[in-house]
Structure formats: C-alpha cells, structure tokens
Amino acid sequence: MNRQLFTTFFRIGLFTLGGGYAMIPLIEREVVERHRWVTKEEMLDLIAIAQSCPGVFAINIATFTGYKQGSTRGAIAAALGTALPSFLIILAIAIFFHQFEDNRIVAALFRGIRPAVVALIAVPTFNLAKSARLNRYTLWIPVVSALAIWLLGVSPIWIIIAAGVGGLVIGRSKKL
C-alpha cells in the first residue's frame with residue numbers, strides 16, 4: 001500500500017504545473033475516482049483542512065490521504081511522493097537555468113503555460129463550488145470573501161476564521 005501511495009502521489013507531483021491548487025483535479029481523479037481512497041465529500045473536507053493547515057497544500061492532502069490508508073508510514077510515503085518530483089525539478093532548473101534565462105523560446109514557453117495553469121486552478125474551483133452545494137442563499141459567501149481578499153487586502157486567515165465562526169454559530173442555532 002505504501003508503495004502505491006508513493007507512486008500515485010509521485011506521478012501527481014511529477015506531472016503538475018502551477019502548484020497545489022493545480023493538482024486538485026489530478027488528486028481527485030486518482031484518490032477519489034481511481035483508487036477510491038476517499039469519497040467526494042471527504043475530498044472536499046480534505047481540501048478545506050489542507051488550506052487551513054500550515055504547509056504545502058498538496059503535501060497536506062497527500063499526508064491526510066496517506067494516513068487514512070496506511071497510518072504514519074502511508075502519510076510519509078504519500079508526502080514524499082508529492083514533494084520529491086518538485087524538489088528534483090527545481091534542483092535541475094536551479095542547476096541549468098542560468099543557461100536559459102535569456103532564451104526567448106524558454107520565455108515564450110513560460111508565457112504559454114500561464115493560461116493553462118489558470119485553467120487548472122479554475123476547474124477545481126468550480127467543481128468545489130458544486131460539491132459545496134452553493135445556492136442563491138449561500139453564493140454570496142465565496143463572492144464576498146474573494147472580493148475582500150482581492151480588493152480590500154483582507155488576510156485569507158481572517159476569512160477562514162470568520163467562516164469557521166459563522167459555521168459554528170449557524171450550526172448551533174439549527175440545533176436549538
């Protein structure tokens with residue numbers, strides 16, 4: 001199991017550009033659909049937990065998934081599988097980048113990759129919105145949160161805290 005966790009998350013880490021959020025579709029396909037290590041609802045919870053915990057987003061998801069499947073050894077295998085490809089790629093780039101930094105073709109390649117990375121981040125955002133069961137009464141929450149972060153410079157930490165407190169208050173009021 002630990003070898004399977006490592007190789008699965010290694011492949012995800014190896015073929016993903018754009019960071020943790022861009023990995024979400026690949027993680028979801030492998031972890032939820034292919035291996036069925038977690039359900040769609042658990043994946044949504046994992047994303048929320050991984051965002052609110054310190055550390056690298058994708059490694060947090062890998063660690064939680066690995067722990068669920070293989071305890072501490074599974075968590076270590078999944079986390080290493082996620083981190084190792086990025087480490088090796090960054091190491092190779094650091095060694096050879098000075099030879100390419102002024103190359104117009106390389107600069108054009110990076111400009112071409114940027115829109116694809118935006119799409120890789122946008123798709124899971126819309127999928128998460130569907131999974132979160134947003135409706136006309138709750139749609140304002142992510143919209144106001146995004147605008148507060150973008151336009152007013154509010155720290156995402158305050159948004160997470162406010163959302164948690166709001167969820168707690170609403171949850172307790174529904175129990176009464």
Side-chain angles (χ1 to χ4, degrees), residues 9 12-33 38-65 78-79 82-83 85-87 89-90 93-94 97 100-176:
F9 281 100
I12 291 168
L14 189 61
F15 294 107
T16 304
L17 298 170
Y21 294 105
M23 289 181 174
I24 293 173
L26 294 171
I27 294 172
E28 190 171 7
R29 186 177 324 120
E30 289 291 322
V31 170
V32 175
E33 296 168 13
V38 297
T39 65
K40 275 196 173 277
E41 291 78 24
E42 289 173 323
M43 184 66 186
L44 186 61
D45 292 339
L46 281 176
I47 291 169
I49 292 168
Q51 274 184 304
S52 59
C53 289
V56 179
F57 178 79
I59 293 176
N60 288 345
I61 289 180
T63 302
F64 294 133
T65 304
T82 304
S86 298
F87 174 77
I89 291 167
I90 290 169
I93 289 171
F97 186 71
F100 302 108
E101 63 186 327
D102 296 325
N103 186 314
R104 290 174 24 183
I105 295 171
V106 172
L109 284 171
F110 280 115
R111 278 194 306 277
I113 289 172
R114 287 181 194 144
V117 170
V118 170
L120 287 171
I121 294 170
V123 168
T125 301
F126 292 117
N127 289 339
L128 285 172
K130 280 194 271 186
S131 297
R133 297 184 188 103
L134 292 176
N135 58 40
R136 63 184 175 164
Y137 302 110
T138 58
L139 185 62
W140 66 271
I141 297 170
V143 171
V144 168
S145 299
L147 290 174
I149 293 168
W150 181 46
L151 295 176
L152 303 176
V154 175
S155 171
I157 293 170
W158 292 115
I159 301 293
I160 292 169
I161 291 170
V165 170
L168 183 65
V169 169
I170 291 170
R172 286 188 181 219
S173 68
K174 285 186 177 183
K175 288 183 181 178
L176 298 176

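Put simply, OG on Ser52 and CD1 on Ile47 are 12.0 Å apart, with the number rounded to the nearest 0.5 Å. We find the CD-CE distance between Glu33 and Met43 to be 10.0 Å, quoted to the nearest 0.5 Å. In this structure, the separation between CG on Asn103 and CZ on Phe110 is 10.5 Å, given to the nearest 0.5 Å. Ile24 contributes atom CD1, which lies 5.5 Å from atom CD1 of Ile61 (distance to the nearest 0.5 angstrom). In this structure, Phe57 CZ and Leu46 CG are separated by 9.0 Å, a value rounded to the nearest 0.5 Å.
Within the 4.5 Å cutoff, the side chain of Ile49 has no heavy atoms near those of the Asn60 side chain. Two residues are said to be in side-chain contact when any heavy atoms from C-beta on lie closer than 4.5 Å; Val31 and Phe9 meet this criterion.
Scored by the side-chain contact (heavy atoms from CB on, under 4.5 Å) test, Val144 finds Trp140 as partners (sequence neighbours excluded). Considering only residues two or more places apart in sequence or on other chains, Arg111 meets the side-chain contact (heavy atoms from CB on, under 4.5 Å) condition with Ala107, Ala108, Arg114. Among residues two or more places apart in sequence or in another chain, the side-chain contact (heavy atoms from CB on, under 4.5 Å) test is passed with Pro85 by Phe10, Leu14. By the side-chain hydrogen bond (donor to acceptor under 3.5 Å, both in side chains) test, Asn135 is found to be paired with Thr138, residues two or more places apart in sequence or in another chain being considered. Every side-chain contact (heavy atoms from CB on, under 4.5 Å) that Val165 has, sequence neighbours left out, goes to Ile161, Val169.
In the displayed structure, Ile105 atom CD1 is contacted under 6.0 Å by at most 12 heavy atoms of other residues, nucleotides or ligands. Counted within 6.0 Å of CD1 on Ile157, heavy atoms from surrounding residues, nucleotides or ligands total 12 or fewer; the atom is thus considered open.
Residues in residues 38-59 take part in these salt bridge (Lys or Arg N to Asp or Glu O under 4.0 Å) pairs, two or more places apart or across chains: Glu28-Lys40, Glu42-Lys68.
Closest heavy-atom contact between Cys53 and Phe64: SG-CZ, 4.1 Å. Minimum interatomic distance between Gln51 and Ile160 (heavy atoms only, all atoms of both residues): O-CD1, 4.3 Å. Across all their heavy atoms, Gly13 and Ser86 have their closest contact at O-OG, 4.5 Å.
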